[in-house]
Amino acid sequence: MKLFLKTLVLSLILLLISLHAQPQPYVILISFDGFRWDYVDRGITPNFDFIKDNGVSAKSLQPCFPSKTFPNHLSIITGMYPENHGIISNGFIDYTTGRYFTMSDTIEVRDARWYRGEAFWETAERQGIITASYFWPGSEVTDNERHPTYFYNYEHSRPYKNRVDGIIEWLKLPYEKRPHFITSYFDAADTYGHKYGPNSEEINQTIAGLDSILGYYFQKLKEIEMLDSTNIIVVTDHGMTEISANKVINIEQLLNGFKYERGDSGPFMLIEPAEGELEKIYKKLKDAENHFKVYKRGDVPTFYHYSNNPLISNLVIIAENGWGVETNKSIENFRKYGNKGNHGYDNYWMDMHGIFYAIGPAFKENYQVGTINNIDIYPLLCKIFNLVPNQLIDGNLERINNVFEARRIRSI
Ligand code: AMP
Ligand code: ZN
Ligand code: ZN
């Protein structure tokens, strides 16, 4: 009799647990590189309007400094400032080893040692969620413990619809193999923003094309009956501003005769003076400070969060908004290719801001918020999946959790 009662109680407990356990949510995180916050106000984005009416939209998404592609995709996916996740630019030198990280060098891009933050797919996989990436900076590291279960090595020209189709194939896998968190990435707004500028007819066509990719997502998810159960979050790494070949300062010419190494150009430049040259170079730049600012690494204004990492060079030059700190070569290229747009500037400048649009069961409907920080997206993802976040993040859930549809988030 006693044994019977024990078994009955145990069965009841198990039944209650299984009733309480809910299926894991689905999230597709889409990045439209360089899609500025106000592109959605041009009357050419019906699918963004659909999300606005039926989901959450922010006035803008603030990137971290520098407002460049790799640093900010890593900030979005780790919840950390670039000084803490370690990808401090699209290209930089580790002066202690002489190694050079650049996004076009697949060996370095796939070397996990550069990536000091914990990507959301790592957090999720460690806690039992299968993840996938149809492109995202940092997703193709060779270290098996650090990449999503499914991923593709970056291929710039892979047709956009193929990317969506590939994601739909993942979602059609048997439940025990199916990913619940998927990233995807589209470069077009960045590529054409650089080439033609943010105010061109060409960028408007691109914006409309990306909006229709969003529509294609909706259509394909509907076909597999997953539109209502999937959370779609659309973000940008940074915005875009118009630039002019007349607004340039030739730093190489200015520092002629000094010994130093250099990284980046345009919105900012990293200067690593040779031994004994620091004070001389700093003075030379400081005396010439016009349309740019020069800082010693430790003196970069705290609001940039761009000091606390030895990968950041001893001197950092930040151009005035819209200006360029350049080299002979970069000025020559500028004149030759006639680029019309750029980014990388002060991350508080609205031209550098991107978008945050989200729709799905986790989110409120027709809910508009102000500016969101991109480092808060990682804790938002953790909350949707009810996961314990990495404790070292800079992001803060408190700043963003008003976007949730309270009834539908499991732990609330
Ligand atoms: P940016 O110089 O900051 O404008 O960088 C934009 C470029 O980053 C795009 O044109 C892409 O080709 C490149 N990119 C984006 N994602 C990746 C990736 N996962 N691996 C390598 N390059 C990438
Ligand atoms: Zn970018
Ligand atoms: Zn770009």
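Whatever order the structure lists them in is the order used to number ligands and atoms, beginning at 1.
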Cation-pi check, Arg158 onto Phe135 ring (under 6.0 Å, within 45° of axis): no

Plane angle bin for Phe65 and Tyr304 - parallel if under 30°, tilted between 30 and 60°, otherwise perpendicular: tilted

Heavy-atom nearest neighbour of atom 2 (O) of ligand 1 within options Thr69, Asn342, Asn72, Asn90: Asn90

Tyr217 side chain to Thr230 side chain, donor-acceptor N/O pair below 3.5 angstrom: no

Cationic tip of Lys280 above Phe258 ring, under 6.0 Å, 45° of axis: no

Heteroatom test (N, O or S) for Asn72 near the Zn ion (ligand 2), limit 2.8 Å: no

Backbone or side-chain N or O of Lys68 under 3.5 Å from ligand 1 N or O: no

Minimum-distance protein heavy atom relative to atom 7 (C) of ligand 1: Met103 CE, 3.8 Å

His305 and Tyr81 aromatic ring geometry - parallel, tilted or perpendicular at 30°/60° bounds: parallel

Which segment of His73 sits under 4.0 Å of ligand 1 when only heavy atoms are counted: neither

Neighbour count >12 (heavy atoms, 6.0 Å) for atom OH, Tyr192: no

Closest protein heavy atom (residue, atom, distance) for atom 22 (N) of ligand 1: Tyr154 CD2, 3.5 Å

Polar contact flag, side-chain donor to acceptor under 3.5 angstrom, Asn347-His353: no

Contact with ligand 1 for His343, non-hydrogen, under 4.0 angstrom: yes

Residue-ligand contact Asp190/ligand 1, heavy atom below 4.0 Å: yes

Salt bridge present between Glu279 and Lys283 (N-O < 4.0 angstrom): no

Pro137 neighbourhood, listing ligand 1 atoms whose heavy-atom distance to it stays under 4.0 Å: 16 (N), 19 (N)

Residue from Val294, Leu254, Asn256 passing side chain to side chain contact (heavy atoms under 4.5 Å, CB included) with Lys284: Leu254

Angle, OD1 of Asp33 through the Zn ion (ligand 2) to NE2 of His238 - 10° precision: 100°

Ligand 1-proximal atoms of Val109, by part, heavy-atom distance under 4.0 Å: neither

Contact partition for His156 relative to ligand 1, non-hydrogen atoms under 4.0 Å: side chain

Metal site the Zn ion (ligand 2): N/O/S of Asp237 inside 2.8 Å: yes

Contact with ligand 1 for Tyr185, non-hydrogen, under 4.0 angstrom: yes

The Zn ion (ligand 3): angle it makes with NE2 (His194) and OD1 (Asp190), nearest 10 degrees: 110°

Aromatic ring pairing His291/Trp323, orientation class (parallel under 30°, perpendicular over 60°, tilted between): parallel

Proximity to ligand 1 by part of Phe70, non-hydrogen separation under 4.0 Å: side chain

